[in-house]
Amino acid sequence: MNVDMDTIVKKPEAAPVLGASGIVFVNGSANQLPNLPRVLRRVVGKVELRGSMAEVRDSNSSELVAVNFDSLTAKERDGLIRDFAFGPGRPTLLLLSEGHARDYLSRLFANHTLTNMLVVNNRNVDICDFLVTIRKILKQDIFGLEKYFVWGTKTHRLLLTSSTQRGDVLDTIEAYCHDLNIPRRLRNLVVSVADEFVTNALYNAPVDEQGGPRHASLPRTEEVTLAEGEVIEVKLCCDGWRFGIATSDPFGTLTPELLLDYLAKCFTKEDYQPDESKGGAGLGFYHIFESLSHFIVNIAPGKRTELIGLLDVSGSYRTFAQAGKSFNLFTGE
Amino acid sequence: MGHQMSWKRILVDGQERIQLEGSISEHTDFRSLIEVASDSLALDLAHVDQINSCGVREWINFVNALRELGKNLEMHRCSPAIVRQLNMISNFRGDGKVQSVLAPYFCDACDNEMTQIVDLAGIESPPEIAETLPCPNCGEDMEFDDLVDSYLGFLGR
């Protein structure tokens, strides 16, 4: 082997892991997440620390504004929801919260502010999820269940092209969870999420050549079959600590606005009124959100939609229920 | 996925109840249940293990139909899956009265899972749920397998 002595002794350039034009981090005056600024600097380089939302007026120059939501006053939270509109020209917002954001979800979803939220546990953010989220925001490389698992974790793949295969797929997933000795209540959550994912991919996602919905108006009891070459891919993954499931459709018809509006409607806690549509009128996404530790939506408009669900299976149902929730919505190519 | 919902008549303390079993989904047809209900319908929901979003839609249409027909609904031994929906969907019970629920318990030592009935009939304030129970399998403490503060949250609405 030829050895380049310069390479052996040369100090690596102290470049940030990802590199970015800079991000803003609002951590409040109490500095509740003391380690995160240091981590962020190593990851993205330039980090502007802010003590309050009032200091984020000039944040348009940054790609990302990360906010420790729990550190904000009620007035600041209201201001964030009011002012931080989802749209071109605005930096991406990443909320970090131990669970206090829950009471604000309806409003955060309704004005399309909330596209990224990561749960904080014991004053720390899961560094894997944190890095993946920042990378996906900054680098636009959004697809893949594997990103959320360490190298070596085996991924299983199932394919379906017709609603007649749905029962077999769900039975297979349930049997797999059973073999992994996942407690029954958590197993039921995995299967119900899989059910909603697959139903969405078979009935809501497919469009005709004009872009019109192909199956959305059909009762979910009616058999549907995809056209030749169209396949729904289901992926399963478990590292023992958490279970991952993903479905990917080749349509990319789900829009961020529709998803956020559905979630906003459900979180208002108003009475549910079945409408004329044959599906759940958005209730499925609410069920998915509430049944997961982390719900991730990746959309390449007109090309592909990937729904990813991660569920903490390290303990009992109670362990899962006690923890907060993470949510990400990415659009890219 | 759990098998599709079926039902049968059972007799509990002289009261006829309809016991539902399986998953409530888009395949569930409640029409036969509406037909067997006279003035009131007492459902035993202990064996309903899953409800998907289309199932919620069918259920809401069912309780709405009972209300329109002036038929009373009693919900007995609601499974954790039903309690979850009661807490998530504000009008899930319609005009129905929740008479009792099943509280889930999990044993960390031997992975045993079981439920314990919590009677709600005639109560004025939510009863306390035992945080632990001795595991009949290994004798260790089983933990209540949900959130004590919010499991009966639907009662406050």
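Worth saying up front: this structure is predicted, and the values here are computed from it rather than measured.
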Please assess B:Asp145 against A:Arg185 for the test side chain to side chain contact (heavy atoms under 4.5 Å, CB included), listing each intermediate value before the final yes or no. CA-CA 9 Å; B:Asp145 196 20; A:Arg185 294 194 72 198; 3.9 Å; yes
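- Along residues 308-317 of chain A, the residues that come nearer than 4.5 angstrom to chain B, judged on non-hydrogen atoms, are A:Ser316, A:Tyr317 in order of number.
- The line from CD of A:Gln322 to CG of B:Asp146 is 9.5 Å long, rounded to the nearest 0.5 Å.
- Across all non-hydrogen atoms, the minimal contact from B:Cys54 to A:Arg220 is SG-CG, 3.6 Å.
- Proximity to chain A (any heavy atom under 4.5 Å) is shown, for B:Glu58, by neither the backbone nor the side chain.
- Atom OG in A:Ser192 sits 10.5 Å away from atom CD1 in B:Ile51 (nearest 0.5 Å).
- Residue B:Asp39 qualifies as open at atom CG: its count of foreign heavy atoms under 6.0 Å is 12 or below.
- Only the side chain of A:Leu189 comes within less than 4.5 Å of a heavy atom of chain B; its backbone N, CA, C and O stay farther away.
- Using a 4.0 Å cut-off between charged nitrogen and carboxylate oxygen, A:Arg187 and B:Glu113 do not count as a salt-bridge pair.
- In this structure, chain A has no heavy atom under 4.5 Å from any part of B:Asn112.
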Pair B:Gln85-A:His287, side chain to side chain contact (heavy atoms under 4.5 Å, CB included): steps then yes or no: CA-CA 9 Å; B:Gln85 299 303 328; A:His287 266 237; 3.1 Å; yes
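- Atom NE2 of A:His156 has more than 12 heavy atoms from other residues, nucleotides or ligands within 6.0 Å.
- With hydrogens and angles disregarded, no donor-acceptor distance shorter than 3.5 Å links the side chain of A:Tyr286 to the backbone of B:Ile89.
- In this structure, A:Asn188 and B:Gln50 approach most closely via the heavy-atom pair OD1-NE2, 3.2 Å.
- Proximity to chain A involves both the backbone and the side chain of B:Phe144, based on heavy atoms less than 4.5 angstrom apart.
- Within a 6.0 Å sphere centred on CZ of A:Arg157, other residues, nucleotides and ligands contribute 12 heavy atoms or fewer.
- To the nearest 0.5 angstrom, A:Asn200 atom CG is 9.5 Å from B:Ser53 atom OG.
- Looking at A:Glu290, the atoms closer than 4.5 Å to chain B (heavy atoms on both sides) sit in the backbone and in the side chain alike.
- One finds the CG atom of B:Asp111 at 11.5 Å from the CD1 atom of A:Ile182 (value rounded to the nearest 0.5 Å).
- Using a 4.5 Å cut-off between heavy atoms, A:Ser291 contacts chain B through both its backbone and its side chain.
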Going by atom type alone, with no hydrogens or angles, which donor-acceptor pairs under 3.5 Å involve a side-chain atom of residues 121-132 of chain B and a protein atom two or more places apart or on another chain?
{"residue": "B:Glu131", "atom": "OE1", "partner": "A:Arg318", "partner atom": "NH2", "Å": "3.3"}

